[in-house]
Amino acid sequence: MPPLASPRRRRAHTGAAKGATLRGAVLGAALGALPAVAPLGAQGTPPDAPVPDRRVGLKGGWYDAEQAAWNLRLVSTTKPSPAFATPTNPADPRLTNSDLAFQGTLVFQGNYSGWQVWDVADVRKPTLRAEFVCPGSQSDVTVYGTLLFVSAEALSGRVDCGMQGVEPEVSPDRARGIRIIDISDVAKPKAIKTVQTCRGSHTNTLATDPKDSDHVYVYVSGSAGVRSPDELPGCSAASPDADPNSALFRIEVIRVPLARPQDAAIVSSPRIFEGLAEAKRHGDAPEDQRPRREGAPPRPSVAGRGPTQCHDITTYPAVGLAGGACSGYGILLDISDVKNPRRITAVADTNMSAWHSVTFSNDGSQVLFSDEWGGGSSPRCRATDKYEWGADAIYARRGDALEFQSYFKMPAAQTRTENCVAHNGSLIPVPGRTVMVQSWYQGGINVFDWTDPLRPVEIAYFDRGPMDTTRLVSAGHWSAYWYNGHIYGSEISRGLDILELQPSAHLSANEIAAATLVRFERFNPQEQPQLVWPAAFPVVRSYTDQLARNAAVDAAWLRDVTGAVDRAERAKGAKRAEALRALAARLRQEGARQGDPAKVAQLAEAVEALAQASR
């Protein structure tokens with residue numbers, strides 16, 4: 001979402017019905033040279049999805065909005081703490097909930113006015129551990145041990161977290177950059193330092209270096225205008241042609257010594273956009289086009305040049321890569337030298353307007369870029385909006401190149417009073433598949449499978465009716481992430497949602513159980529962890545369930561294999577290990593003759609791992 005300019009009054013919600021119809025018309029071909037897009041309704045939706053879509057026609061409201069779910073169950077909704085709620089205003093823009101970070105049983109929830117910390121040891125009844133008021137725009141959060149990193153970008157943000165704002169154009173009290181907070185006592189956070197940057201921090205990304213356990217690194221993406229050099233020496237808004245030290249066309253890398261975080265400092269400002277031309281992007285839909293306000297400040301860009309910043313960066317240390325969603329481009333980075341990321345390649349797409357965030361497949365062979373067309377505060381999922389606008393674009397890695405595969409967008413049409421577009425999400429650790437949960441603001445949360453990058457398909461969802469049916473009042477899910485067995489959704493106005501997957505034709509109980517086995521002590525969604533499954537029977541049965549679902553192998557052969565798995569589980573000790581080794585050998589011998597040898601090979605590997613663990 002773009003930086004907040006200033007608080008504004010919003011009308012209270014009403015409870016009338018949501019008046020939308022499903023999109024069924026052909027939306028036309030993709031712009032440029034990309035392949036044609038299939039009609040909405042024929043793309044992204046499985047044949048057994050409920051018809052009509054349960055998300056259509058929901059009654060509006062604040063905490064009493066009607067809900068719809070398919071293959072997801074809402075476990076709990078926890079309202080914002082008193083310091084982060086205005087009882088008479090459902091969407092006070094100063095109190096917008098933003099992104100999430102996780103550590104142990106704690107969930108850190110950013111907010112335009114600070115952050116809250118929830119203990120989710122009991123997911124049915126989360127408890128507030130801390131609330132810290134500290135205005136500074138969206139306050140993206142990242143956690144590492146006893147340190148919390150918080151983005152600050154607003155002109156009114158103060159180093160001392162005061163509420164009085166900053167009036168002078170130049171002031172040493174202004175905080176624009178990364179706040180470093182000591183959370184050794186999470187209920188009593190202490191400010192350590194604010195690392196100031198020329199453009200503030202809209203988002204931040206943790207980057208760890210396997211070769212350097214003494215430091216962590218923070219990649220800073222700042223999207224605001226360049227501050228005055230009188231406030232922060234060295235800041236320059238000039239074109240790089242005029243000033244090679246320009247604060248444009250670069251990101252910042254902060255190195256944080258874990259033993260002395262007060263010594264954190266910028267160690268590099270990589271110009272990862274060097275040589276990129278200005279990307280062609282589509283604008284607003286015809287009904288949304290407005291003339292630019294006379295006297296409005298210029299956008300932070302230089303005509304004819306490529307992106308001046310990234311909106312978000314996702315690091316994937318296990319494969320030595322990062323992905324940047326950067327003002328007209330999707331960028332792939334080599335982060336083998338963490339403090340000096342290097343651009344490998346970049347892609348542009350006229351169907352992508354505001355490249356927002358990045359997710360890798362677990363093996364790193366595919367990359368998904370989301371597009372926050374309209375900035376997150378506009379209705380961009382209406383029946384008249386193109387399917388490929390405000391959607392996800394999926395690419396396959398071919399060496400150092402990225403090759404377009406397909407688009408995916410939440411397929412239920414939303415009303416003109418619901419801000420809706422692709423936003424933050426993460427992988428769900430289902431063995432052998434690429435399954436993702438994603439937020440769509442007032443389009444709710446959905447789960448989709450992009451194992452086949454050419455045919456992504458929705459398999460679950462949760463949604464509420466609009467906050468207000470008479471005018472647009474921003475609300476909905478800012479982000480949705482899987483963490484240690486549950487989905488957590490940061491709801492802009494309603495608080496923290498926790499959901500759980502339900503077994504279905506698209507996701508078996510074994511696959512859900514296997515996903516729950518993958519546990520993390522810490523999870524910052526923009527530092528993507530590699531998913532590794534323990535040796536366990538639910539993992540093995542996930543693969544047999546997938547073979548059965550895909551109907552790619554002989555049914556009698558598969559029944560015999562699943563029977564062998566059942567018999568091995570009933571055995572104990574050495575007999576179990578012997579039975580599993582024999583089954584793994586059989587699978588390797590016979591798998592090539594089956595219709596899906598790659599999946600059988602995955603099954604054999606899981607069976608062999610379980611045999612090793614059973615000795």
Without hydrogens or angle criteria, can the side chains of [X] and [Y] be said to hold a donor-acceptor pair below 3.5 Å?
{"X": "Asp371", "Y": "Ser353", "value": "no"}
{"X": "Thr146", "Y": "Ser184", "value": "no"}
{"X": "Ser490", "Y": "Gln109", "value": "yes"}
{"X": "Asp337", "Y": "Asn340", "value": "yes"}
{"X": "Ser357", "Y": "Ser370", "value": "yes"}
{"X": "Glu131", "Y": "Ser81", "value": "yes"}
{"X": "Thr415", "Y": "Glu418", "value": "yes"}
{"X": "Thr96", "Y": "Gln138", "value": "no"}
{"X": "Thr86", "Y": "Asp92", "value": "yes"}
{"X": "Ser327", "Y": "Gln309", "value": "yes"}
{"X": "Asp312", "Y": "Tyr219", "value": "no"}
{"X": "Asp468", "Y": "Thr417", "value": "no"}
{"X": "Arg464", "Y": "Gln442", "value": "no"}

Note, [X] side chain near [Y] side chain (heavy atom, < 4.5 Å):
{"X": "Trp118", "Y": "Arg129", "result": "no"}
{"X": "Tyr112", "Y": "Pro93", "result": "no"}
{"X": "Asn424", "Y": "His356", "result": "yes"}
{"X": "Leu321", "Y": "Ile344", "result": "yes"}

Partner set under ring pair (Phe, Tyr, Trp, His ring centres under 6.0 Å) for Trp355, not counting sequence neighbours: Phe369
Ring pair (Phe, Tyr, Trp, His ring centres under 6.0 Å) partners for Phe523, two or more places apart: Phe102
Which distance, rounded to the nearest 0.5 Å, do you find between the [atom1] of [X] and the [atom2] of [Y]?
{"X": "Asp463", "Y": "Gln414", "atom1": "CG", "atom2": "CD", "value": "5.0 Å"}
{"X": "Ile428", "Y": "His486", "atom1": "CD1", "atom2": "NE2", "value": "12.0 Å"}
{"X": "Thr205", "Y": "Gln526", "atom1": "OG1", "atom2": "CD", "value": "5.5 Å"}
{"X": "Met163", "Y": "Arg158", "atom1": "CE", "atom2": "CZ", "value": "11.5 Å"}
{"X": "Asn204", "Y": "His202", "atom1": "CG", "atom2": "NE2", "value": "11.5 Å"}
{"X": "Trp62", "Y": "Ser493", "atom1": "CH2", "atom2": "OG", "value": "7.5 Å"}

Among Thr314, Thr315, Thr208, the one residue meeting side chain to side chain donor-acceptor pair (under 3.5 Å) with Glu527: Thr208
Within residues 176-192 or reaching into it, pairs that qualify as salt bridge (charged side-chain N to carboxylate O under 4.0 Å, His left out) - sequence neighbours excluded: none
Pairs meeting criterion salt bridge (charged side-chain N to carboxylate O under 4.0 Å, His left out) with involvement of residues 236-248, two or more places apart: Asp241-Arg305
Listed once per pair and sorted, the disulfide (SG to SG under 2.5 Å) pairs that draw on residues 148-192, sequence neighbours left out: Cys134-Cys161
Disulfide (SG to SG under 2.5 Å) contacts in which one or both residues fall within residues 168-265, not counting sequence neighbours: Cys198-Cys235
Can you list everything that forms a side-chain contact (heavy atoms from CB on, under 4.5 Å) with [X]? Sequence neighbours excluded, please.
{"X": "Ala121", "result": "Thr105, Asp119"}
{"X": "Pro80", "result": "Tyr63, Phe84, Ala85, Asn97, Gln116"}
{"X": "Asp288", "result": "Asp284, Ala285, Arg380, Arg382"}

Working for side chain to side chain contact (heavy atoms under 4.5 Å, CB included), residues Val120 and Leu106: CA-CA 6 Å; Val120 295; Leu106 299 181; over 6 Å; no
Working for side-chain hydrogen bond (donor to acceptor under 3.5 Å, both in side chains), residues Thr77 and Asp497: CA-CA 5 Å; Thr77 297; Asp497 285 330; 2.7 Å; yes
Derivation and outcome, side chain to side chain contact (heavy atoms under 4.5 Å, CB included), residues Val220 and Ser201: CA-CA 6 Å; Val220 181; Ser201 173; 3.6 Å; yes
For residues 259-268, run the donor-acceptor check on the side chains, cut-off 3.5 Å, and write out each pair with its distance to 0.1 Å, sequence neighbours left out.
from: Arg260; atom 1: NE; to: Asp263; atom 2: OD2; distance (Å): 2.6
from: Ser268; atom 1: OG; to: Lys339; atom 2: O; distance (Å): 2.5

Smallest separation among heavy atoms of Ala422 and Gln438, with atom names: CB-NE2, 3.7 Å
Closest non-hydrogen atom pair between Ala207 and Val338, with its separation: CB-CG1, 3.7 Å
Neighbour count >12 (heavy atoms, 6.0 Å) for atom CD, Gln164: yes
Pairs involving residues 314-344, ordered by first then second residue, that meet ring-ring contact (aromatic ring centres under 6.0 Å, His included) (sequence neighbours left out): Tyr316-Phe360
Sequence neighbours excluded, every pair satisfying ring-ring contact (aromatic ring centres under 6.0 Å, His included) that has a member inside residues 127-162: Trp115-Phe132
side-chain hydrogen bond (donor to acceptor under 3.5 Å, both in side chains) between Asn524 and Tyr481, worked out: CA-CA 10 Å; Asn524 295 298; Tyr481 303 122; over 6 Å; no
ring-ring contact (aromatic ring centres under 6.0 Å, His included) between His423 and Tyr441, intermediate numbers included: CA-CA 7 Å; His423 213 230; Tyr441 290 109; 4.5 Å; yes
Stepwise side chain to side chain contact (heavy atoms under 4.5 Å, CB included) check, His477 with Trp440: CA-CA 6 Å; His477 290 97; Trp440 298 84; over 6 Å; no
Test side-chain hydrogen bond (donor to acceptor under 3.5 Å, both in side chains) applied to Ser269 and Glu252, step by step: CA-CA 5 Å; Ser269 299; Glu252 314 294 349; 2.5 Å; yes
Verdict with supporting geometry, Ser479 and Asp99, side-chain hydrogen bond (donor to acceptor under 3.5 Å, both in side chains): CA-CA 6 Å; Ser479 50; Asp99 215 359; 3.1 Å; yes
Centroid separation His282 to Trp389 less than 6.0 Å: yes
